[in-house]
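Data block below; observations after.
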Amino acid sequence: MSITARIPKCSKLLVLLRHQTPQLYASFIHSASQKSLIYESPKTDPSSYSSPIIPQIVDILKSNNHENWKTNEQLSQLLFSNHHSISCDHILQITRRLGDSSTALNFVEHLRSNPTSPDANLLSFAFQGVFELASRNPNCKDEVFDLFNFSKELGVPLTVNSATLLIRCFARVKMIEKSMILYQELDTQMRNTHVRNVLIDELFRSGHFVDALQVLDEMLQSNSKFPPNYNTIAIAFPVLLLGKNHHSVVSEEEIVGILSRFGRNHGVFPDSVMLTQLITELCKSRMNNMAWKLLHALFDLDGPVEIASCNALLTALAKDGQFKKMNILMEEMRAKGICPNVVTLGISINHLCKSFRIDEALNLFEMMRRGEVGAPIEPDVLIYNTLINGLCKAGRVEEGLSMMRKMVLEGKYIPRSATYNCLIDGFWKAGNLDRSLKLFHEMEKQGIEPNIITVNSLVGGMCSHGVVGRALKFYREMEEKGLKGNKVTYTTLISGFCGVNNINRAMDLFNEMKQRCAPDAIVYYTLISGLSQARLMDDVESVFLEMTSAGFQPDIQCYNVMINGFCKKNKVDKVHWLLDQMGKVGLKPDSVTYNTLIWFFSKTRDLKSAQRLLREMIDNKVAPTVYTYGAIIDACCLVGEFDDAMNIFRQMSSSSKIPPNTVIYNILIDSLCQQKKMKGALSLFEDMTIKGVTPNTITFNALFKGLRDENLLEKAFELMEKMTELVCHPDYITMEVLTEWLSAVGETDKLKQFVEGYSHTDESDSIIQPQTTPSII
DNA sequence: TTAGGGTTAG
């Protein structure tokens, strides 16, 4: 039967009842013993489940038409005779088993036909059954409301469970105001903690913050007859702290105030699990301060705080770099007698490792193990891994490896893939790819499965060591074994191939990647950077367009890379286009952008534009850097305004704010050499060594060229010695200049001596290890 | 707890 078909029946019944039994009707109200109706949850007498009366009655009710119930002697006996005292629980059980609200309502009517005065309690519980059955229907909106009105008109009081069921039911069908009215109409006794909890929950759920807070406020009064319980706090706090609307309604201080009233007035506190969850969620939502306040409110109230909650906050503080607060909290924990556990140890060690304070981490590890900080704590495999990783990241790979060996020897734990991954990554980053590969084979032999991180680390190692072909081959082998590459794998390989200027292979890999996974901002950047480096600016443009249409907004660094690329290709219109694009998305040029553009104007000998940009830069509050001054000085030299260049240089030297660096000295030395002013050039060279600015190959090349042009041989020999002394490596330009000059003047011995001066340093500088597999590029 | 980017000059 449909719901709409059932409703008129209720109304008919109502009319019938009013008409026939006015006194009876009134008698309910008097006999209704409210007290017996106030239950938190149905306190079903366990015996009633096994009571044979229930199935007997249900059986009769179900197998007979309701019109025949009245005449059924057996039913009358069972229900109404004094021999069988039918309890409220019995009635509830029976009504629930009738299957639908229509039959259940007929049962209510039948109970009312009891020749002796019917017990109002019984009817209340029968109605509860009716409400329960009706509310099962997802479209119960009107029916439940009509049934409720009907019960009201009959004067049948609600049970507590009927009240909460109806409050929830109305709220869920977006009639929360009806829930409120129902609550207000309830007898004061009925508005108990449970009912209020349900109402508050539904008010919060439907966004009625103010009403919910008002009900909560009543409960929190110190003389409240129905004080809050654990459920109240469990309902209110997640919403107050993490709900969407709380910023406009309740301040952080007010939330703390509410918590204090729970604790101080009623001794109700969140338990450890709830508190930990709340802290974790707050920190996830970047509300570390609120999490801090929450925990400290509990400290102030002397409420129960366990180590897990403290660990949650410590984790967030460590992540956020709030180390002072971490120390304060640790001290407070000590004062409160909250003992650190293995997790606390892990957080502390992790934080020390991430701050490169490895020795302190190792120290803490030993101290905690030995029980020198509270009770002894046995570290877990994660802590070992954290330390091994910390050692590797600090370049202390041998110590990291010993730690793993020690862990195994002590029989503590078997290394995990992650343990090996840290070491593999550490060794190649320390320049020893060979050891990484040995560890990889060792882990395979030990039956510790490599994962995609192992593969990516080794692929990265090979790419960094210049053996990109081998990296790809290795990846293909791993792919065959089922380790499919991800974004990281492809980005690493793409970056590697761009690095060796094999753009075709990089593009192939990019296309292959797109078949497997969606590209992200990092891979787009990598590709744009590689293509810009290769000056393939048309391709840069198309990748840029693809990136933006995929929904990724290039950041300022990415724009700078592209602007630089277009500048180098002299594509001014494209530079303007990119600057426009930046403006449209609200990205402002930074110092790198300005420097790139100023450098471009310098190179095109457009000193005026370079100076104009310098002014614009300063006006826009972008601080000039050593690059900026370098570019301006360069421009001055190129247009022959050498005195201006020297003036800027002197200002830089005297202010010590941005002291000139090697590049600036090189520009000036080169310019002086070209002007054949060797005295000045050599004096600047002297000046830079005094100021601790290291000359490099370019400095020496400029000087050698100048000295050669002036044929100042002795000075050149002096500088050659100086160059060897500084282990400054000659390049092809150095060799070209010196070979030509010294051969011509018959000083080849000096040249030989010069070259030999570097022979002992060559080996240690080579980081490329002998290959065991042939490279395919 | 482990893996990929980081821009500008001579």
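Here is how names work: the chains are called A, B, and so on, in the same order as the sequence lines, proteins then strands, and each is numbered from 1. Every value quoted in this text rests on a predicted model; they were computed, and no experiment measured them. Note: hydrogens, waters and symmetry copies are ignored here, and every other heavy atom, side chains too, is used.
A/L638 has its CG atom 12 Å from the C1' atom of B/dA9, to the nearest Å. Here the P atom of nucleotide B/dT1 and the CE atom of A/M407 are 16 Å apart, to the nearest Å. Atom CG of A/N560 and atom P of B/dA9 are 11 Å apart (whole Å). For the pair A/Q557 CD and B/dG6 P, the interatomic distance rounds to 9 Å; values are reported in whole Å. Distance A/L531 CG to B/dG5 P: 17 Å, rounded to the nearest Å. Taking atom CZ on A/F600 and atom C1' on B/dA9, their separation rounds to 15 Å, with Å as the unit. Note: CG (A/L382) to P (B/dT1) measures 7 Å, nearest angstrom. Taking atom CD1 on A/I556 and atom P on B/dG6, their separation rounds to 17 Å, with Å as the unit.
In the set B/dA3, B/dA9, B/dT1, the nucleotide with an atom closest to the side chain of A/I452 is B/dA3. Candidate nucleotides B/dT2, B/dA9, B/dT7 were compared by shortest atom distance to the side chain of A/K393, and B/dT2 ranks first. For A/Y525, the listed nucleotide lying nearest its side chain is B/dT7; candidates were B/dA9, B/dT7, B/dT1. Considering only the side chain of A/T491, B/dG4 comes nearest among B/dG6, B/dT1, B/dG4. Nearest nucleotide to the side chain of A/R416, out of B/dT1, B/dA9, B/dG4: B/dT1. Distance from the side chain of A/Y627 is smallest to B/dT8 among B/dT7, B/dT8, B/dT1. Taking the side chain of A/N661 as heavy atoms from C-beta on, and the options B/dA9, B/dG4, B/dT7, the nearest nucleotide is B/dA9. Picking from B/dA3, B/dT7, B/dT1 the nucleotide with the shortest atom distance to the side chain of A/N456 gives B/dA3. With distances taken from any side-chain atom of A/T492 to the nucleotides B/dG4, B/dA9, B/dG5, the minimum falls on B/dG4.
The pair A/E512-A/R476 meets the salt-bridge criterion, with a side-chain N (NZ, NE, NH1 or NH2) lying under 4.0 Å from an Asp/Glu carboxylate O. Salt bridge status for A/K445 with A/E442: absent, with no side-chain N to carboxylate O gap under 4.0 Å. A/R516 and A/E479 are joined by a salt bridge, as a carboxylate oxygen and a charged side-chain nitrogen come within less than 4.0 angstrom of each other. Using a 4.0 Å cut-off between charged nitrogen and carboxylate oxygen, A/R435 and A/E398 count as a salt-bridge pair. A salt bridge links A/K691 with A/D687: at least one charged nitrogen is closer than 4.0 Å to a carboxylate oxygen. Salt bridge absent: A/E399 and A/R405 never bring a charged side-chain N and a carboxylate O closer than 4.0 Å.
Phosphate contact (OP1/OP2 of B/dT2, side-chain N/O of A/N385, threshold under 4.0 Å): absent. The phosphate of B/dT8 has neither OP1 nor OP2 within less than 4.0 Å of any side-chain N or O from A/K603. Dashed line: the shortest gap from a side-chain N or O of A/K429 to OP1 or OP2 of B/dT2 is not under 4.0 Å.
Residue contacts shown for A/N564 are limited to sugar-phosphate atoms, with no base heavy atom under 4.0 Å away. Counting any heavy atom pair closer than 4.0 Å across all strands shown, A/T662 reaches a base atom.
Side-chain atoms of A/D520 and base atoms of B/dG4 include a donor and an acceptor less than 3.5 Å apart. Residue side chain A/N486 reaches the base of B/dA3 through a donor-acceptor N/O pair under 3.5 Å, judged by distance alone.
Partners of A/K429 by salt bridge (charged side-chain N to carboxylate O under 4.0 Å, His left out), not counting sequence neighbours, listed by chain and number: A/D425.
Note on ring orientation: taking the six-membered ring where Trp is involved, the planes of A/Y524 and A/F552 are tilted (angle from 30° to 60°).
A/G485 and A/Y475 get closest at one heavy-atom pair: N-OH, 2.9 Å.
Within residues 566-592 of chain A, the residues that have a heavy atom under 4.0 Å from DNA chain B are, in order of number, A/K568, A/V592.
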